[in-house]
Amino acid sequence: LAKTTQPISMDSYEGQEVNITCSHNNIATNDYITWYQQFPSQGPRFIIQGYKTKVTNEVASLFIPADRKSSTLSLPRVSLSDTAVYYCLVGLTGGFKTIFGAGTRLFVKA
Amino acid sequence: ETGVTQTPRHLVMGMTNKKSLKCEQHLGHNAMYWYKQSAKKPLELMFVYSLEERVENNSVPSRFSPECPNSSLLNLHLHALQPEDSALYLCASSQGKQENGYTFGSGTRLTVV
C-alpha cells in the first residue's frame with residue numbers, strides 16, 4: 001500500500017503562494033500522484049495529477065522530484081475560498097490499494 | 001454540479017429502518033464507488049463496481065448492501081444500522097485507471113438515531 005504523509009494543517013494569508021508537500025516513500029512504478037480538494041459536507045474535487053517532473057493547470061502546479069518519493073502541490077495566490085482539506089493520493093484510481101490519508105487542512109486568512 | 005448526483009442529501013433513520021441511498025453519474029464512466037467519511041476520519045472505500053460488477057468488497061458489514069442496476073446507477077441499501085454508522089456517504093465514479101481520477105458527488109449526510 002502506498003502510504004502518504006502530509007502536514008495536518010497549514011495557515012496562509014490571501015495572495016500568498018502555498019506549497020503542500022506529501023511524502024510517499026513506497027510509491028510503485030505504475031502509481032500516479034493525484035491531489036484533491038474537499039470543502040465541508042462535499043465530496044473531494046480533483047485538482048491535479050502527475051507522474052513525474054512538473055504538471056501545471058489553471059488552478060495549481062504539481063512538482064515531483066526524480067525519485068518520486070514526494071510531491072508538492074503549489075497553489076498560487078490563495079484566496080479565502082481556498083480554505084479546505086487537501087488530499088494527496090498515490091496509486092491507480094479505483095483500487096483498494098489507493099487510500100485517502102488524513103489530508104492537510106489549509107486555512108487562508110484575510 | 002460534478003456530474004455525479006446523490007440523493008437524498010440528508011437522511012435521518014432509526015436503527016430498525018430500511019432506507020436506500022442513490023447515486024447517478026452522467027459522465028459515461030465505467031466504474032462507481034461508495035465511500036464513507038466519518039467525523040475527523042479519512043475517507044474509507046466501501047465498494048467498487050466496474051462495468052456493473054462488484055470488483056472488490058472491503059470488509060463492510062452486511063447491513064450495507066450495494067446494488068448497481070446499470071453502469072450509471074449505484075444504490076446503497078441500509079438496514080439495521082447502528083449510531084456509529086452515522087457519517088457522510090460519498091459516491092464517486094471514474095473512467096479507466098487514471099484519467100483525472102475520481103469524480104465525487106456531494107454526498108448523503110446520514111444520521112442513525
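Residue numbering restarts at 1 for every chain, and letters A, B, ... go by the order of the sequence lines. Every value quoted in this text rests on a predicted model; they were computed, and no experiment measured them. The analysis underlying the following values was restricted to heavy atoms, covering all of them including side chains, and did not include hydrogens, waters or symmetry mates.
Listed here is the closest heavy atom pair of Ser20(B) and His77(B): OG-ND1, 2.6 Å.
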For Arg45(A) and Phe104(B), run side chain to side chain contact (heavy atoms under 4.5 Å, CB included): C-alpha distance rounded to whole Å, both residues' side-chain angles, the deciding distance at 0.1 Å, then the answer. CA-CA 7 Å; Arg45(A) 182 179 71 99; Phe104(B) 282 86; over 6 Å; no

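Taking a 6.0 Å sphere around CD of Glu84(B), one finds it holds more than 12 heavy atoms contributed by other residues, nucleotides or ligands.
The candidate from Gly103(A), Ala102(A), Ser41(A) with the greatest count of non-hydrogen atom pairs under 4.5 Å with chain B is Ser41(A).
Of the atoms belonging to Leu43(B), heavy atoms from both backbone and side chain fall under 4.5 Å from chain A. In this structure, no portion of Phe39(A) lies under 4.5 Å from any heavy atom of chain B. For Gln37(B), the part sitting under 4.5 Å from any heavy atom of chain A is the side chain, from C-beta outward, and nothing else.
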Just list the side-chain donor-acceptor pairs under 3.5 Å for residues 54-62 of chain A, sequence neighbours left out, or say none.
| from | atom 1 | to | atom 2 | distance (Å) |
| --- | --- | --- | --- | --- |
| Thr56(A) | OG1 | Ser61(A) | OG | 3.1 |
| Asn57(A) | OD1 | Val59(A) | N | 2.9 |
| Asn57(A) | OD1 | Ala60(A) | N | 2.9 |
| Asn57(A) | ND2 | Ile47(A) | O | 2.8 |

